[in-house]
Amino acid sequence: MTETAFTRLVGCKLPLQQAGMGVAATPELAAAVAEAGALGMLGLAGAPAPAVIASLESIAARTKGSFGVNFLMPFVDREGVNAAAGRARVVEFFYGDPDATLIQTVHGGGSLAAWQVGSADEARAAADAGCDVVVAQGVEAGGHVRGEVGLLCLLELVLDAVSVPVVAAGGLGTARSVAAVIAAGASAARVGTRFLAAEEANVHPSYLESLIKARAEDTVLTTTFGASWPDAPHRVLKACVNAALELDEEVIGESRLANGTAVPMQRFSSAPPGRSATGHIEAMAQYAGQSVEHLHRRMPAAQIVAELTAEL
């Protein structure tokens, strides 16, 4: 057990947060990570209140550990945030100016508020708005990326800018890298890409196979998959960008919701391929951080947590 300001505040045993990776971050994944002693996270973007409640109750039924939920500011549903407050230990926001009214809602329900940032100025704004935790995301990160500099540079700037616990995110995929950011002053490390290989994650087998074969240089920061979220840079595998550009179909497949409803997958959609996706999987948004070459096979989330924290 490695105690930091983050573990004391959040109530978990390990200074590790699993990223809330959209459809990939299932209740099963968040619960398994929480049960292993880290902070498990859901990614619910702009989910309405009933979906938020059902998802968080599903996690609570599986673990007594600490878990949270991530909302995306371009899509945020304020009733969904209100539903999360008090049901999740941490309510986190990303990709928008820190909003004190949302923080007040979170605190009013008894939860901690976190904001993922890409600059020292945004970190200050988040702390000033009342956030309990700031997540500093380096440009090495997979998925949507807010900042423009590398993690270590950003971490130094954010640590100097705020007094609240800072979580380091971006390109972390080994026990050495997790231990390094803790030694550099972070209160916790945030990892996404490694958890895409968790047995509990909702990741299409072909997508996982591409991740396993990839190296750091096989990722690219792009705005290609911006049909539903324009002008928002994101890091994906280069191969899926090329595949999407080569197609001339506007609908390239479909996925299925939990209730079995089929949903068309548009070319250049920001939605990644989950297990139920069919069609041109190779041309869908295959998010990956620069830590991707440390992902070797599918394994239980608890084993990933153990590997990532082995040097703490």
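All of these numbers come straight from a predicted model, not from anything done at the bench.
- Between the side chain of Ser66 and the backbone N or O of Val10, at least one donor-acceptor pair lies under 3.5 Å.
- For the salt bridge (charged side-chain N to carboxylate O under 4.0 Å, His left out) test, residues two or more places apart in sequence or in another chain that qualify with Glu122 are Arg146.
- For the atom pair CD (Glu293) and OG1 (Thr219), the distance works out to 9.5 Å, reported to the nearest 0.5 Å.
- Applying the side chain to side chain donor-acceptor pair (under 3.5 Å) test to Thr224 and every residue at least two apart in sequence or in another chain returns Thr222.
- Under the 4.0 Å criterion applied to side-chain N and carboxylate O atoms, Asp218 and Arg215 are not assigned as salt-bridge partners.
- Residues meeting the side chain to side chain contact (heavy atoms under 4.5 Å, CB included) test with Gln116, sequence neighbours left out: Phe94, Val135, Gln137, Ala169, Arg190.
- Put simply, the side chain of Ser111 gets close to the backbone of Gly86: a donor and an acceptor are under 3.5 Å apart.
- Partners of Asp132 by side chain to side chain contact (heavy atoms under 4.5 Å, CB included), not counting sequence neighbours, listed by chain and number: Leu9, His107, Leu112, Ala113.
- No side-chain donor-acceptor contact under 3.5 Å links Thr26 to the backbone of Asn202.
- When atom types are taken as modelled, the side chain of Thr174 and the backbone of Ser177 share a donor-acceptor pair closer than 3.5 angstrom.
- Just one of Leu172, Leu39, Val167, Val191 meets the side-chain contact (heavy atoms from CB on, under 4.5 Å) condition when paired with Leu16; it is Val191.
- Remark: Arg267 engages Glu250 in a salt bridge, criterion side-chain N to carboxylate O under 4.0 Å.
- For residues 274-312, the set of pairs meeting the ring-ring contact (aromatic ring centres under 6.0 Å, His included) definition, not counting sequence neighbours, comprises His144-Tyr287.
- Side chain of Gln18 to backbone of Ala38: no donor-acceptor contact under 3.5 angstrom is found.
- Panel note: side chain Lys13, backbone Gly65; no donor-acceptor pair is recorded below 3.5 Å.
- Sorted by first and then second residue, the ring-ring contact (aromatic ring centres under 6.0 Å, His included) pairs with a member in residues 67-87 read Phe75-Trp229; sequence neighbours excluded.
- Side-chain atoms of Arg235 and Val139, non-hydrogen and from C-beta on, do get closer than 4.5 Å to each other.
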